[in-house]
Amino acid sequence: MFKKAVIALGFTLMGQFAVLAQQRDTFIPFINSQHTWVDSVFNSLSPRDKVAQLFMVRAHSNLGQQYIDSVAEVIQQEQLGGIVMFQGGPVRHAQVINRYQRLSKVPLLVAFDGEWGLGMRLADSTISYPYQMALGAVQNEALIYQMGLEIAKDFKRLGMGINFAPVVDINNNPRNPVINFRSFGEDKKNVTRKGLAYMRGMMDGGLITSLKHFPGHGDTDVDSHHDLPQLTFTAGRLDSLEMYPFRELIKAGASGVMIAHMNIPSLDNTPNLPSSLSQHIVTNVLKKRLGFQGLTFTDAMDMSGVVKHFPGGEADVRAIIAGVDLLELSENSARAINMVLQAVKQGRLTQQDIDTRVKKVLAAKYWLSLDQLRPVALTNLYREVNRPRAEALNQRLADASVTLLKSDSLIKAIDYTKRTAIISIGGAEISEFQKMLDWRFDNQMRYVLSANATADDVAAVANELSRYSQVIVALHDNRARPRSTLDYNTTVRLFINELAHMNSVFCVFANPYSLAGLPGVEQAKSILVCYQNDRIMQRAAAKVILKRLSPTGRLPVTINSFFRYGDGE
């Protein structure tokens with residue numbers, strides 16, 4: 001089945017990819033089969049313990065000992081099925097995971113949101129791979145597959161078995177406040193190719209993965225963390241576009257799917273009902289129509305999108321009635337377990353509904369070899385999740401994502417002996433990009449303008465530019481996440497317009513959508529889109545300027561009439 005899926009998607013990947021993929025295609029049949037260990041554990045559980053296996057609680061290692069102790073108390077009292085790790089550090093994470101596993105009678109599933117690796121939550125001490133928007137520009141899926149393998153190695157080293165990734169939402173709404181740069185882009189086949197490579201890499205590395213956010217969270221301007229988005233598209237549109245990546249990756253053996261909190265009248269017209277609580281969407285569409293037999297997860301059950309209209313634990317009960325296997329981050333797991341038990345007594349759920357899911361969850365634990373659980377070794381842990389090989393791969397991914405818009409004639413014509421101004425806009429200090437160019441240009445000057453530079457600051461730089469034969473401009477988004485619009489003031493935006501008419505080379509270390517908010521930038525002769533403001537992207541751009549790298553990335557989204565999906569020299 002996997003080979004056929006690869007051929008249908010037009011893949012040409014390394015031979016190792018195909019071999020390993022077939023070796024790991026056993027997850028779905030495995031968790032739906034009978035196992036002695038599973039039966040033994042299942043038979044030892046009380047009715048309450050069985051329900052508890054369907055819940056996963058939040059855990060941090062950076063919120064102090066009192067918080068860590070409070071989570072330990074919940075795990076010990078409720079004997080939940082798993083934990084979801086958030087911010088902290090790798091060694092501290094390993095320590096709390098070891099502690100929580102000791103407190104649990106049944107080994108815990110340990111999950112993590114690692115869309116760009118451990119660095120998504122452990123940013124100051126582990127590797128952050130490029131955001132999925134940047135990966136959407138990469139033309140070599142084998143690199144993304146290798147990234148999946150490396151991320152799986154990191155997860156396993158920390159004692160974690162589930163990654164809530166990849167995001168396979170199709171981001172065709174630039175105003176999307178929650179998906180956006182987390183998506184591979186706007187084209188359903190490109191999203192599917194990239195998602196398949198990433199998913200297979202992680203699964204072949206021994207992880208359970210979770211496609212998200214079903215049936216597709218890409219075309220909305222509402223963040224389900226704060227409210228309930230509504231998709232008003234027809235069922236036909238959803239089936240042909242939003243659900244396309246999910247359908248294809250399910251065919252390829254996807255191990256998990258996370259259900260979004262969205263109201264979708266064309267699929268279920270129950271007023272204000274989130275998709276995560278809809279039996280029609282979870283059971284009839286996902287499980288029956290698309291044939292998914294893996295693990296179904298809710299998105300976080302403490303999000304306003306799900307509890308706004310179903311407070312007090314009712315959302316938890318309805319999610320299980322809908323057909324979900326594992327509930328992530330209930331507001332109150334003890335209350336939710338009691339309410340599920342009551343729902344069984346009331347006939348809203350059957351015991352068979354519970355038992356079937358519990359056995360599937362236990363089988364997933366068995367697939368992860370949690371029946372042979374050993375404590376996470378702390379020795380050399382930090383060094384082993386910051387491997388030189390992984391760092392090198394990270395740079396290769398950044399290099400492969402750089403996208404050249406317009407002609408490269410200006411870059412080819414760069415003369416390292418001429419007087420050159422290298423201007424960094426949006427930062428607060430000399431950038432990595434400027435430092436990398438410093439040694440190569442014989443006669444250059446570096447300038448830095450903040451996002452809120454004054455008219456006097458801008459004038460001081462502008463008055464200097466007549467002295468230079470060449471101008472290189474770097475645009476930085478210095479915020480933690482690259483948004484669709486830059487936070488530059490009007491004075492800075494007007495200066496960027498002037499620079500674009502000066503035959504300057506532009507390097508954009510920001511969300512590609514942000515180009516739409518810079519009128520006149522399309523006049524620049526050469527624009528390098530580098531997707532995010534970090535060192536690996538700045539190094540990649542510097543390599544292009546130094547003529548050590550030819551950009552091969554392709555724009556994964558349409559920005560405006562000047563810059564469209566697939567553009568790239």
Side-chain angles (χ1 to χ4, degrees), residues 52-104 107-129 151 154-165 167 178 182 207-208 210 212 223-226 258 261 297-307 316 326-337 368 370 373 375-378 381-382 384-386 480-481:
Q53 285 296 304
L54 309 182
F55 288 84
M56 306 182 78
V57 69
R58 173 189 294 268
H60 294 246
S61 66
N62 68 329
L63 298 181
Q65 195 59 45
Q66 185 175 354
Y67 174 87
I68 292 171
D69 291 344
S70 69
V71 175
E73 184 176 352
V74 170
I75 291 171
Q76 189 165 28
Q77 289 182 355
E78 302 301 330
Q79 291 297 310
L80 303 177
I83 54 177
V84 183
M85 299 301 299
F86 284 83
Q87 282 78 10
V91 175
R92 286 176 290 163
H93 264 37
Q95 290 171 330
V96 299
I97 289 170
N98 284 343
R99 179 182 176 188
Y100 296 158
Q101 289 287 21
R102 287 194 301 269
L103 295 173
S104 185
L108 294 161
L109 289 172
V110 183
F112 188 87
D113 262 320
E115 294 165 21
W116 46 92
L118 294 181
M120 182 167 173
R121 302 295 185 193
L122 315 179
D124 61 343
S125 52
T126 57
I127 294 172
S128 287
Y129 290 95
I151 288 173
D154 290 338
F155 271 57
K156 302 292 278 188
R157 182 63 183 86
L158 263 67
M160 301 190 299
I162 301 174
N163 191 3
F164 291 138
V167 172
V178 63
R182 297 164 61 197
L207 282 190
I208 295 171
S210 179
K212 59 187 188 184
D223 185 345
S224 53
H225 290 84
H226 306 301
M258 180 182 288
H261 304 313
F297 301 86
T298 65
D299 206 342
M301 294 298 291
D302 57 1
M303 291 164 60
S304 295
V306 68
V307 298
D316 300 286
L326 283 156
L327 280 68
E328 188 192 352
L329 315 185
S330 170
E331 287 185 309
N332 185 323
S333 55
R335 177 186 65 189
I337 293 168
L368 290 169
L370 295 182
L373 181 66
V376 180
L378 304 182
L381 193 157
Y382 178 85
E384 290 175 19
V385 296
N386 288 279
R481 299 287 184 265

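Everything numeric here is computed off the predicted structure, so don't read it as measured data.
- Partners of F164 under the ring-ring contact (aromatic ring centres under 6.0 Å, His included) rule, at least two apart in sequence or in another chain, are F297.
- Closest heavy-atom contact between F55 and D316: CE2-OD1, 4.0 Å.
- Looking only at side-chain heavy atoms (C-beta outward), E328 and D302 stay at 4.5 Å or farther from each other.
- For A94 against L378, the heavy-atom pair with the smallest separation is CB-CD2, 3.6 Å.
- Between L329 atom CG and D299 atom CG the span is 8.5 Å, to the nearest 0.5 Å.
- Every pair passing ring pair (Phe, Tyr, Trp, His ring centres under 6.0 Å) that includes a residue from residues 58-79 is listed here, sequence neighbours excluded: H60-Y67, H60-F86.
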Please tabulate, one pair per line, all N/O donor-acceptor pairs under 3.5 Å involving side-chain atoms of residues 119-127, not counting sequence neighbours.
unit_1: R121; atom_1: NH2; unit_2: D113; atom_2: OD2; d: 3.2
unit_1: T126; atom_1: OG1; unit_2: G119; atom_2: N; d: 3.3
unit_1: T126; atom_1: OG1; unit_2: L122; atom_2: O; d: 2.6

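- Looking at Q101 and V110, their side chains come closer than 4.5 Å, going by heavy atoms from C-beta outward.
- With values rounded to the nearest 0.5 angstrom, L327 atom CG is found 10.5 Å from M56 atom CE.
- You'll find the side chain of L158 reaches within 4.5 Å of the side chain of L381, heavy atoms only.
- Within the 3.5 Å criterion, the main-chain N or O of P375 finds no donor-acceptor partner in the side chain of N98.
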- Give the intermediate values and the outcome of side chain to side chain contact (heavy atoms under 4.5 Å, CB included) for residues L109 and L326. CA-CA 10 Å; L109 289 172; L326 283 156; 3.9 Å; yes
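- Shown here for A72 and L103, the closest heavy-atom pair between the two residues is CB-CD1, 3.6 Å.
- Applying the salt bridge (charged side-chain N to carboxylate O under 4.0 Å, His left out) test to every pair with at least one member in residues 66-87, sequence neighbours left out, gives these pairs: R48-E78, D69-R99.
- The shortest distance between side-chain heavy atoms of L118 and P90 does not fall below 4.5 Å.
- The CZ atom of R182 lies 5.5 Å from the NZ atom of K212; values are rounded to the nearest 0.5 Å.
- Sorted by first and then second residue, the side-chain hydrogen bond (donor to acceptor under 3.5 Å, both in side chains) pairs involving residues 81-97 (not counting sequence neighbours) are S61-H93.
- To the nearest 0.5 angstrom, L368 atom CG is 6.5 Å from I162 atom CD1.
- Atom OG of S104 is separated from atom CD of Q53 by 7.0 Å, given to the nearest 0.5 angstrom.
- Under the ring-ring contact (aromatic ring centres under 6.0 Å, His included) criterion, F112 pairs with F155, sequence neighbours left out.
- Annotation: Q66, atom CD; neighbour count of heavy atoms from other residues, nucleotides and ligands within 6.0 Å does not exceed 12.
- Considering every non-hydrogen atom in both V306 and A300, the closest pair reads CG1-O, 4.1 Å.
- With a 4.5 Å cut-off on side-chain heavy atoms, I68 and Y100 count as touching.
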- Item | L108 and L373: CA distance, side-chain angles, deciding distance, side chain to side chain contact (heavy atoms under 4.5 Å, CB included) verdict | CA-CA 10 Å; L108 294 161; L373 181 66; over 6 Å; no
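- In this structure, the separation between OG1 on T298 and CG on L54 is 11.0 Å, given to the nearest 0.5 Å.
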- R157 and V376: CA distance, side-chain angles, deciding distance, side chain to side chain contact (heavy atoms under 4.5 Å, CB included) verdict: CA-CA 7 Å; R157 182 63 183 86; V376 180; 3.8 Å; yes
